[in-house]
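Please read the structure below before turning to the comments.
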Amino acid sequence: MAERWTNTALLVIDMQNDFIEEGSVMQVKGGKSIVANVIGVVELARQRGILVIWVVREHDPQGRDVEIFRRHHYNSEKVGPTVKGTVGARLVDGLIIREEEDYKIVKTRFSAFFGTNLHSFLQTSGVSKLVIAGVQTPNCIRQTVFDAVELDYPNVTVITDATAAATPEIHTANILDMKNIGVKTPTLDEWSEESA
């Protein structure tokens, strides 16, 4: 079983308070409902010896590294979303980075690959298979998945009930688009039943 997962990494994307908790301007409406499944995916990955990579946004307090269409959230007296060091930038309760074994990637755009060292880190680590969980399906999940496919990762999996979007319809449509380019789309239960 362990050999089956040797070259695999789990990317947990944007499971931070500002994307999940009520009241944030960046809240993904379906995000709260997947927290338990994301915790389950992380636990299962650790049992299988899969490298866990936490992909998070951490922005400059003035929003100088934020996409143009989001900069207005950083122009007021109020602290903007996912500013480095704030409660909003922290992982939601139940998700914990294990400093000695996990890896953390900080991004400022949708894709975990854009402007980061993710691809070189995965290559150096011998990773060719990716499993993806988090939010949100049409943006950061989809862009990361499409970049992984374009970078020729031969095996990309999105756990469908450990990813979420603003509505179920948006989620389903984007999952279908990813499935149509060869991405595997199991539920957590289906993924947990996969063996050697």
Side-chain angles (χ1 to χ4, degrees), residues 9-39 41-42 52-99 102-122 130-148 150 158-159 161-171 173-175 177-178:
L10 168 65
L11 304 183
V12 183
I13 299 177
D14 291 351
M15 290 300 293
Q16 297 161 268
N17 289 321
D18 276 342
F19 294 117
I20 304 301
E21 297 300 333
E22 298 284 333
S24 169
V25 296
M26 300 299 288
Q27 181 197 2
V28 176
K29 297 292 184 201
K32 196 84 166 172
S33 67
I34 66 162
V35 172
N37 281 356
V38 174
I39 291 169
V41 170
V42 172
V52 178
I53 300 175
W54 301 91
V55 181
V56 298
R57 278 188 181 248
E58 290 180 357
H59 287 298
D60 170 70
Q62 297 177 45
R64 292 173 291 192
D65 56 1
V66 178
E67 299 97 329
I68 289 172
F69 74 93
R70 287 186 173 154
R71 288 192 186 150
H72 66 280
H73 292 302
Y74 297 79
N75 291 335
S76 67
E77 305 262 329
K78 193 174 176 185
V79 176
T82 65
V83 167
K84 185 176 182 174
T86 64
V87 171
R90 288 188 202 143
L91 295 176
V92 294
D93 286 345
L95 294 175
I96 298 166
I97 298 174
R98 292 186 182 170
E99 300 289 341
D102 299 346
Y103 194 72
K104 178 180 166 184
I105 294 280
V106 176
K107 67 182 176 69
T108 58
R109 294 294 187 268
F110 294 138
S111 175
F113 289 99
F114 185 83
T116 74
N117 70 327
L118 178 59
H119 184 53
S120 63
F121 175 77
L122 293 172
L130 300 176
V131 178
I132 298 171
V135 292
Q136 86 160 316
T137 322
N139 297 350
C140 300
I141 302 298
R142 181 186 175 113
Q143 192 63 52
T144 298
V145 165
F146 272 73
D147 283 353
E150 298 222 341
V158 174
I159 309 298
D161 56 356
T163 49
T167 70
E169 294 78 16
I170 292 169
H171 177 70
N174 281 276
I175 291 293
D177 284 345
M178 290 184 273

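Quick note: numbers below take in every heavy atom, side chains included, and nothing from hydrogens, waters or symmetry partners.
Evaluated for a side-chain contact (heavy atoms from CB on, under 4.5 Å) with Gln16, the options Met26, Arg57, Arg90 yield exactly one hit, Arg57. The residue from Leu130, Ile53, Val131, Asp102 that alone fulfils the side-chain contact (heavy atoms from CB on, under 4.5 Å) condition with Leu10 is Val131.
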Before you tell me yes or no, could you show the steps for Val12 and Val42 under side-chain contact (heavy atoms from CB on, under 4.5 Å), namely the whole-Å CA-CA distance, both residues' side-chain angles and the distance that decides it to 0.1 Å? CA-CA 8 Å; Val12 183; Val42 172; 3.8 Å; yes

Apply side-chain contact (heavy atoms from CB on, under 4.5 Å) to the pair Val35 and Ile20, showing each step before the final yes or no. CA-CA 9 Å; Val35 172; Ile20 304 301; 3.9 Å; yes

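Not counting sequence neighbours, the partners of His171 by the side-chain hydrogen bond (donor to acceptor under 3.5 Å, both in side chains) test are Thr137. In this view, Thr82 satisfies the side-chain hydrogen bond (donor to acceptor under 3.5 Å, both in side chains) rule with no residue, not counting sequence neighbours. Judged as a side chain to side chain contact (heavy atoms under 4.5 Å, CB included), and not counting sequence neighbours, the contacts of Phe114 are Arg109, Ser111.
Closest heavy-atom contact between Tyr74 and His59: OH-CD2, 3.5 Å. What you find for Gly31 and Ala164 is that their closest heavy atoms are N-CB, 4.1 Å. Closest approach of Ser24 and Asp18 over heavy atoms only: OG-O, 2.6 Å.
Interatomic distance, CG of Leu95 versus CE of Met15, reported as 5.5 Å (0.5 Å rounding). Atoms CE and OG1, on Met178 and Thr144 in that order, are 10.0 Å from each other to the nearest 0.5 Å. Of the inter-residue distances, the one linking Cys140 atom SG with Asp14 atom CG reads 4.5 Å to the nearest 0.5 angstrom. Of the inter-residue distances, the one linking Leu91 atom CG with Phe19 atom CZ reads 11.5 Å to the nearest 0.5 angstrom.
Without hydrogens or angle criteria, Asp60 side chain to Asp65 main chain gives no donor-acceptor distance under 3.5 Å.
Thr163 has its side chain within reach of Ile175: a pair of non-hydrogen atoms, C-beta onward, lies under 4.5 Å apart. No side-chain heavy atom of Arg98 sits less than 4.5 Å from a side-chain heavy atom of Val52. At least one side-chain heavy atom of Ile34 sits less than 4.5 Å from a side-chain heavy atom of Val135. Residues Val25 and Pro81 form a side-chain contact, since some pair of their non-hydrogen atoms from C-beta on lies under 4.5 Å apart.
By the 6.0 Å contact criterion, CG on Asp93 is open, its count of non-hydrogen atoms from other residues, nucleotides or ligands being 12 or less.
A salt bridge does not link Lys107 to Glu58: none of the charged nitrogens lies less than 4.0 Å from a carboxylate oxygen.
The aromatic rings of Phe69 and Phe110 sit tilted, their planes meeting at an angle between 30° and 60°.
A donor and an acceptor atom, one from each side chain of Tyr103 and Asn117, are located under 3.5 Å apart.
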